[in-house]
There are 2 protein chains.
Amino acid sequence: MNNPEKVSKENSSPTTESPARSYRIADLAKAYDITPRTIRFYEDQGMLAPLRKGRQRIFHERDHVRLRLILRGKRLGFSLAEVREIIDLYDVDAGGEKQLVHLLSKIDQRRISLEQQMKDIQDTLNDLKGVEKRVRKALKELREK
Amino acid sequence: MNNPEKVSKENSSPTTESPARSYRIADLAKAYDITPRTIRFYEDQGMLAPLRKGRQRIFHERDHVRLRLILRGKRLGFSLAEVREIIDLYDVDAGGEKQLVHLLSKIDQRRISLEQQMKDIQDTLNDLKGVEKRVRKALKELREK
DNA sequence: GTGGCAGTTGACGTAAACGTCATCAGTCGC
DNA sequence: GCGACTGATGACGTTTACGTCAACTGCCAC
């Protein structure tokens, strides 16, 4: 019985550029430096939906994509609920006209909030620049004496 | 007894451009749309240090500044611990040479993390742009039929 | 067939950032 | 002098985002 549904081992070989590679939970965990617990938690929250082989989860490329979106959202300081909202924005398919219009306004809100964040970052970077200047000056004076 | 230490009322008059205006907790709360509880909590965490008149807190301009820094940090998704770290960066005065050098590296770390966030935002904005395009296209097709 | 893993589920624990009382103190207008 | 506010101070509750067991399962090597 030559089973075509490989899950690990040979599949993790770097030479196999097979279509639809699959990954175990530990693979994802290592790849993104999070714990399996976290991944399961995200699934619980409906943010990931890996396939199953029996009870075991099998992940594919789309799970990677999702996970990267989630982690990016987290780096931006969004709650998981917000991250989910953002990810949901990507599912354009779900639409009658009313839905689509509503989606547009959601997108706009998100954009506005992101632009505010950009501004906050710029301001903070500017502040830091000023602080650094003062620090360097203090250092210089301290060394000259 | 004409008490010069006004705390509220006349002091909140828009005409008095007195030096060192003072504010009550509710003033701050309203100004930044947070609750008094939150302000007290921040004080508990050593992030604010208002003066006291008896038991009552009296806030001044520097508390405003602090609070704005805190809230900006929060908008950027930092934990209060991180916010405190950032704010502490601003206190250049506390330095022997070693401290100052260490401060510089802290500043640099912070800058790197902020730049990563910038990139994340750019990427997300780009994604949203793509999504919007698809939504508009879907809308158009839906209306033409 | 028996360790030894990797993984699963379920339950409980925890840190952060406040919210929500309950109780008490100070002050102001009348 | 007395409500009506505004504020202070605990103390406990709540939500989020996982961590940490404990008990079980499937599979693989020997």
Side-chain angles (χ1 to χ4, degrees), chain A residues 1 3 5-12 22-59 63 66-67 69-87, chain B residues 1-3 5-12 22-59 63 67 69-87:
Chain A
M1 243 226 244
N3 187 353
E5 305 165 55
K6 320 178 181 176
V7 174
S8 52
K9 291 296 161 64
E10 295 100 318
N11 211 1
S12 1
S22 66
Y23 309 82
R24 294 164 303 165
I25 194 167
D27 299 333
L28 278 219
K30 194 174 290 182
Y32 298 103
D33 195 31
I34 56 182
T35 68
R37 175 70 179 88
T38 299
I39 295 175
R40 292 190 200 104
F41 180 71
Y42 291 161
E43 183 184 355
D44 245 50
Q45 306 299 302
M47 314 185 68
L48 291 175
L51 297 177
R52 297 280 182 145
K53 177 186 162 194
R55 319 170 24 121
Q56 281 194 225
R57 285 163 248 260
I58 309 180
F59 299 86
D63 299 306
R66 281 259 173 168
L67 197 42
L69 281 178
I70 295 172
L71 297 178
R72 190 176 72 185
K74 293 213 66 194
R75 283 200 303 277
L76 292 178
F78 296 129
S79 72
L80 290 188
E82 287 174 305
V83 170
R84 165 135 29 128
E85 260 205 70
I86 295 175
I87 291 181
Chain B
M1 243 226 246
N2 194 341
N3 187 356
E5 306 167 52
K6 320 176 182 177
V7 173
S8 52
K9 290 300 161 61
E10 297 101 313
N11 213 358
S12 6
S22 65
Y23 309 83
R24 293 164 304 164
I25 195 167
D27 299 332
L28 279 217
K30 194 175 289 184
Y32 297 102
D33 195 31
I34 55 183
T35 67
R37 175 70 178 89
T38 299
I39 295 174
R40 292 191 199 104
F41 179 71
Y42 290 161
E43 183 184 356
D44 245 49
Q45 305 300 302
M47 315 185 67
L48 291 174
L51 298 178
R52 298 279 182 146
K53 176 186 164 192
R55 329 188 350 138
Q56 281 194 224
R57 286 166 246 263
I58 309 179
F59 300 86
D63 299 307
L67 198 42
L69 281 177
I70 296 172
L71 297 178
R72 191 176 72 184
K74 293 215 66 193
R75 284 199 303 277
L76 292 178
F78 294 127
S79 71
L80 290 187
E82 288 175 304
V83 170
R84 165 138 27 130
E85 258 205 70
I86 295 175
I87 292 181

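The sequence lines fix the lettering, A, B, ..., with proteins before strands; numbering per chain opens at 1.
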Return a table of donor-acceptor pairs under 3.5 angstrom between the side chains of residues 38-51 of chain A and protein atoms on other chains or two or more places apart.
{"unit_1": "A/Thr38", "atom_1": "OG1", "unit_2": "A/Thr35", "atom_2": "OG1", "d": "3.0"}
{"unit_1": "A/Glu43", "atom_1": "OE1", "unit_2": "A/Arg57", "atom_2": "NH1", "d": "2.3"}
{"unit_1": "A/Glu43", "atom_1": "OE2", "unit_2": "A/Arg52", "atom_2": "NH2", "d": "3.1"}

Which value, rounded to the nearest 0.5 Å, describes the distance between [X] atom [atom1] and [Y] atom [atom2]?
X       : Y       : atom1 : atom2 : result
A/Leu67 : A/Tyr23 : CG    : OH    : 12.0 Å
B/Ile58 : B/Asp63 : CD1   : CG    : 10.5 Å
A/Ile86 : A/Leu76 : CD1   : CG    : 7.5 Å

### Task
I would like to know whether B/Asp27 and B/Phe59 meet side chain to side chain contact (heavy atoms under 4.5 Å, CB included); could you show each step before the answer?
CA-CA 9 Å; B/Asp27 299 332; B/Phe59 300 86; over 6 Å; no

Measure the distance from [atom1] on [X] to [atom2] on [N] and round it to the nearest whole Å.
X       : N      : atom1 : atom2 : answer
A/Tyr23 : C/dG7  : OH    : P     : 15 Å
A/Leu67 : D/dA17 : CG    : C1'   : 15 Å
A/Glu85 : D/dT16 : CD    : P     : 14 Å
B/Arg57 : C/dT27 : CZ    : P     : 16 Å
A/Phe78 : D/dA17 : CZ    : C1'   : 17 Å
B/Ile58 : C/dT27 : CD1   : C1'   : 14 Å
A/Leu28 : C/dG7  : CG    : P     : 10 Å
A/Lys74 : D/dC18 : NZ    : C1'   : 8 Å

Per the under-4.0 Å heavy-atom filter, residues of residues 33-46 of chain B near DNA chain C come out as B/Thr35, B/Arg37, B/Thr38, B/Phe41, B/Tyr42

Next on the checklist: Measuring only between side-chain heavy atoms, which start at C-beta, is B/Val83 closer than 4.5 Å to B/Leu69?
Outcome noted: no

So, do B/Lys74 and B/Leu80 sit near enough that their side-chain heavy atoms are less than 4.5 Å apart? yes

On DNA chain C, more 5' by nearest nucleotide between B/Leu80 and A/Ala26 is A/Ala26

Q.
For a quick test of reading the model: is some side-chain N or O of A/Arg52 closer than 4.0 Å to OP1 or OP2 of D/dG26?
A. no

D/dA17 OP1/OP2 closer than 4.0 Å to side-chain N/O of A/Arg84:
no

Side-chain atoms of B/Arg55 come closest, of C/dA17, C/dT9, D/dG7, to D/dG7

